[in-house]
Amino acid sequence: MPVTFTKKLWAVALYSSPVIAALAVTPLFIVNRYTNPQYIISVLLMTGLVLYMWGINILLYYILTRQKKAGKPARYIYSYLLAVICSVLVVTWIFEMHL
């Protein structure tokens, strides 16, 4: 069962990631009036980040359902911890490169 469910999760990740990225990036470009190429590059980069987070969570789900030791609360805690760590690393990397 986990294999077919993870395939469904990947399908949802692939079609929802560009939508989430566009919704996240659009307000910044409306306020700052950037050009279209910058918008497209930003949406593509954000899509990659969203897919990366999807991938981490799908892998976490797959590993923990195979072990059957950790329940839902543990999966949620691991997911939040990984999301925070990845977010901090990405933001730190971006600010080190551009400041």
Side-chain angles (χ1 to χ4, degrees):
M1 175 164 151
V3 175
T4 59
F5 188 67
T6 54
K7 286 182 183 180
K8 289 179 184 179
L9 286 175
W10 276 112
V12 171
L14 288 175
Y15 71 75
S16 67
S17 293
V19 175
I20 293 169
L23 289 172
V25 170
T26 300
L28 298 173
F29 283 87
I30 290 173
V31 171
N32 294 328
R33 301 189 191 279
Y34 290 112
T35 61
N36 284 339
Q38 290 173 325
Y39 177 75
I40 292 169
I41 290 170
S42 296
V43 169
L44 290 175
L45 288 173
M46 183 62 76
T47 300
L49 289 172
V50 172
L51 275 172
Y52 179 70
M53 293 307 295
W54 268 103
I56 288 173
N57 283 305
I58 291 170
L59 181 65
L60 186 64
Y61 171 79
Y62 183 75
I63 290 170
L64 291 179
T65 53
R66 287 197 142 227
Q67 290 180 355
K68 296 186 181 185
K69 292 179 184 177
K72 281 187 179 182
R75 191 172 82 216
Y76 292 136
I77 291 169
Y78 291 143
S79 177
Y80 282 115
L81 284 175
L82 285 172
V84 167
I85 290 169
C86 289
S87 298
V88 167
L89 290 175
V90 167
V91 169
T92 304
W93 178 71
I94 288 172
F95 281 114
E96 284 181 359
M97 286 188 60
H98 297 290
L99 293 179

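The model shown is predicted, which means the values in this text are computed figures rather than measured ones.
Evaluation of the side chain to side chain contact (heavy atoms under 4.5 Å, CB included) rule for V88 yields V84, T92 as partners, not counting sequence neighbours. Partners of L59 under the side chain to side chain contact (heavy atoms under 4.5 Å, CB included) rule, at least two apart in sequence or in another chain, are I63. For F29, the ring-ring contact (aromatic ring centres under 6.0 Å, His included) test picks out Y34, Y39, with sequence neighbours left out. Residues passing the side chain to side chain contact (heavy atoms under 4.5 Å, CB included) test with L9 are F5, W54, I58, Y61, sequence neighbours excluded.
Distance OH/Y78 to CG/N57: 14.0 Å, rounded to 0.5 Å. To the nearest 0.5 Å, the span separating CG on L60 from OG1 on T65 amounts to 9.5 Å.
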Which atom pairs, one a donor and one an acceptor, fall under 3.5 Å between side chains of residues 11-25 and the rest of the protein, sequence neighbours left out?
from: S16; atom 1: OG; to: V12; atom 2: O; distance (Å): 2.7
from: S17; atom 1: OG; to: A13; atom 2: O; distance (Å): 2.6

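Linking ILVMFWY side-chain heavy atoms closer than 4.5 Å, directly or via other members, places L51 and Y62 in two distinct hydrophobic clusters.
Under the side chain to side chain contact (heavy atoms under 4.5 Å, CB included) rule, C86 has a single partner from L81, L49, I56, which is I56.
Taking each heavy atom of M53 and A83 in turn, the nearest pair found is CE-CA, 3.2 Å.
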